[in-house]
Amino acid sequence: MNSWLKPVEPAWCEVLEQALGRAVPLEALAVMVARQSQRYLGEDIALAPADGLAARTLFWFPRDVLKVARAVGELAWAGALPDRPLRVLDLGAGVGATSLGALRALPPAVKVAAVTAVDSDPAALAILRRLADGARTANLLAATTPAVRTLVRDLTQPGWGDDLGLHDLVLAGLTAVEFTRAHGDEVARGAAIAVFLREALRRVADDGALVVIEPGSRAESRALHVARSILIADGATVFAPCLHAAECPMLRTTRDWCHEDLADVALPTWLQGVAKTAGLRWEGLTWSYLVLRRDGRTLRGAMPAETPMRMVSQPSVSKGKTEAWWCGPITGARGDLRVVELDRVARRTTGARLRDIARGALIALEEEGIAEAEDGGKALRLDPTHWRPVWP
Ligand SMILES: C[S@@+](CC[C@H](N)C(=O)[O-])C[C@H]1O[C@@H](n2cnc3c(N)ncnc32)[C@H](O)[C@@H]1O
């Protein structure tokens with residue numbers, strides 16, 4: 001179902017331990033992970049720096065390394081990556097889940113010219129350098145992957161990016177959350193995220209992209225989409241996930257938030273026990289993301305001429321029908337659009353069925369489908385001949 005998502009190869013386990021410089025018994029790792037998890041939630045829990053690094057390297061790296069794959073996959077599918085060896089810049093790189101995740105998600109034909117990783121934590125950056133070298137040696141990354149250049153820098157200080165030059169793929173994975181969490185409400189937090197992303201956009205080449213990953217939780221995702229509105233007003237283009245530039249419809253209520261949630265993606269088997277012992281989920285992968293550009297190119301522009309929509313919920317199957325929420329230029333009463341597929345109608349087709357479409361999928365909806373399938377303005381009743389999944 002997630003053809004764009006390459007599962008974490010078992011060989012990473014050894015590469016991660018070697019980069020950390022020690023093996024950690026699983027029971028001890030579970031304690032470190034539980035404590036680091038509480039710290040991520042803003043709690044003041046004691047954790048030795050070396051144990052925090054162990055948790056981040058051995059547990060969070062293999063969990064978070066997949067989160068950038070949809071954004072990179074969509075850029076590649078749309079032909080929206082520059083046609084040259086890419087200069088990659090990772091902001092708040094930590095031990096490298098986002099930058100190395102992006103490298104492993106790139107199509108093999110795309111080469112990488114340089115990887116620059118910025119973080120305030122030199123110990124994490126040292127692990128990232130060793131991880132990239134180890135992964136290349138173990139054939140987990142392309143043999144041509146360059147050594148990572150690291151820079152210790154505080155991303156909250158004005159002018160942090162002035163001397164960094166331009167890059168084709170600028171990444172900020174689970175970074176803004178770290179220094180904007182303290183802001184009281186989502187409006188203030190979104191404004192603080194926008195300040196950071198505005199500076200990050202200045203480092204993006206004319207034909208490059210800025211990929212931002214944030215946690216999939218309600219507060220973080222909503223703050224990211226507040227930042228999105230501010231940056232659109234500044235003149236930035238949203239490439240993805242949105243297929244429109246209007247305000248995020250999910251900000252209209254307090255209950256919703258636009259995020260990714262892949263229920264069928266589990267942690268690598270060697271970490272499932274650690275997650276269970278630490279009281280964390282071992283199944284399901286959630287995150288939110290935003291891809292910004294300066295050149296006006298959009299994912300929507302790469303889609304077929306029909307109306308582009310994105311599935312923004314899981315399909316909900318009940319007796320006789322399947323329902324889902326789609327987001328795009330066609331809006332329903334709530335801003336996004338409830339779609340309904342009746343089983344008796346869907347059975348007539350050999351094409352895709354709504355119940356088989358994963359959250360996040362891109363869909364082309366024909367004009368006739370919109371005109372003929374209106375259902376009292378409440379939901380769009382789908383006719384299988386008038387819509388189709390486009391990607392993945
Ligand atoms: C949750 S980690 C995410 C690391 C990595 N990007 C990933 O995707 O796994 C957040 C990183 O942001 C870094 N960070 C937090 N505040 C920072 C700041 N003011 N300047 C630079 N880096 C910062 C932390 O040191 C940490 O490595």
Side-chain angles (χ1 to χ4, degrees), residues 8 12 16 19-20 32-33 35-43 45 47 49-72 88-105 115-132 135 148 150-162 164 167 169-183 189 192-193 195-197 199-200 203 210-217 220 223-224 260 267 271 280 285-290:
V8 179
W12 275 101
L16 291 165
L20 181 68
M32 297 169 194
V33 165
R35 286 174 170 262
Q36 181 67 45
S37 165
Q38 287 170 288
R39 288 171 68 91
Y40 280 147
L41 295 173
E43 293 178 36
I45 300 287
L47 182 65
D51 291 351
L53 274 178
R56 290 170 61 188
T57 307
L58 301 181
F59 184 82
W60 267 282
F61 180 99
R63 195 196 63 173
D64 292 341
V65 73
L66 302 178
K67 292 183 176 176
V68 70
R70 187 195 293 281
V72 171
V88 178
L89 174 66
D90 189 2
L91 303 171
V95 299
T98 300
S99 35
L100 303 192
L103 299 193
R104 66 192 287 283
V115 182
T116 305
V118 180
D119 202 286
S120 54
D121 181 351
L125 291 175
I127 293 177
L128 165 49
R129 287 194 300 271
R130 293 197 291 271
L131 256 185
V148 176
T150 56
L151 295 172
V152 178
R153 206 160 278 194
D154 183 346
L155 296 167
T156 61
Q157 292 304 307
W160 58 259
D162 285 353
L164 289 181
H167 301 264
L169 195 55
V170 178
L171 309 164
L174 307 166
T175 300
V177 61
E178 294 257 320
F179 47 80
T180 59
R181 187 187 280 125
H183 288 274
R189 194 166 174 177
I193 295 174
V195 168
F196 168 57
L197 297 184
E199 190 62 29
R203 307 277 52 95
L210 167 63
V211 175
V212 188
I213 309 291
E214 284 284 280
S217 39
E220 280 70 25
L224 180 63
E260 312 306 302
L267 275 174
L271 288 177
L280 300 177
L285 189 70
T286 62
W287 75 97
S288 51
Y289 78 108
L290 193 57

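We count ligands from 1, going down the list as the structure has it; atoms in each ligand are counted the same way. Computed from a predicted structure; not experimentally measured.
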Tell me: protein heavy atom nearest atom 20 (N) of ligand 1, and distance? L155 N, 2.8 Å
Less than 3.5 Å between some nitrogen or oxygen of D154 and one of ligand 1, yes or no? yes
Checking E220 against R189 for the salt bridge (charged side-chain N to carboxylate O under 4.0 Å, His left out) test, could you report, in this order, the C-alpha distance in whole Å, the side-chain angles of both residues, the deciding distance, and whether it holds? CA-CA 9 Å; E220 280 70 25; R189 194 166 174 177; 2.7 Å; yes
In this structure, atom 25 (O) of ligand 1 is nearest to the protein heavy atom D119 OD1, 2.6 Å
Is there a heavy atom of R56 sitting under 4.0 angstrom from any atom of ligand 1? yes
Which residue and atom name correspond to the protein heavy atom nearest atom 16 (N) of ligand 1, and how close is it? F179 CD2, 3.5 Å
For atom 23 (C) of ligand 1, what is the nearest protein heavy atom, given as residue, atom name and distance? S120 OG, 3.4 Å
Which atom pair, heavy atoms only, marks the closest approach of R104 to V8? NH2-CA, 3.7 Å
R153 near ligand 1 by a heavy-atom separation under 4.0 Å: yes
Could you check which of G94, G92, A97 puts a non-hydrogen atom nearest to atom 6 (N) of ligand 1? G92
Start with the C-alpha gap between R56 and D121, add the side-chain angles, then the distance that decides, and say whether side chain to side chain contact (heavy atoms under 4.5 Å, CB included) holds. CA-CA 13 Å; R56 290 170 61 188; D121 181 351; 3.5 Å; yes
Side chain to side chain contact (heavy atoms under 4.5 Å, CB included) between V148 and S99, worked out: CA-CA 10 Å; V148 176; S99 35; over 6 Å; no
Specify whether F61 and W12 have parallel, tilted or perpendicular ring planes, treating 30° as the upper limit for parallel and 60° as the lower limit for perpendicular. tilted
Taking the side chain as C-beta and beyond, is there a heavy-atom pair between L128 and L100 under 4.5 Å? yes
According to the interplanar angle, ranging from 0 to 90°, do the rings of F196 and W160 count as parallel (below 30°), tilted (30 to 60°) or perpendicular (above 60°)? tilted
Before signing off on this row, confirm whether G173 and ligand 1 have an N or O atom pair separated by under 3.5 Å. yes
D121 heavy atoms within 4.0 Å reach ligand 1 at atoms 25 (O)
In terms of residue, atom name and distance, what is the protein heavy atom nearest to atom 5 (C) of ligand 1? A93 O, 3.2 Å
Distance filter under 4.0 Å to L174 heavy atoms, resulting ligand 1 atoms: 1 (C), 2 (S), 3 (C), 10 (C)
Mark the output for A124 as yes if a heavy-atom distance to ligand 1 is under 4.0 Å, and as no if none is. no
Step by step, work out the side chain to side chain contact (heavy atoms under 4.5 Å, CB included) result for K67 and T98. CA-CA 7 Å; K67 292 183 176 176; T98 300; over 6 Å; no
Which residue holds the protein heavy atom closest to atom 8 (O) of ligand 1, what is that atom called, and what is the gap in Å? T98 OG1, 2.5 Å
Test item: D119 side-chain N/O and G94 main-chain N/O as donor-acceptor pair under 3.5 Å: yes
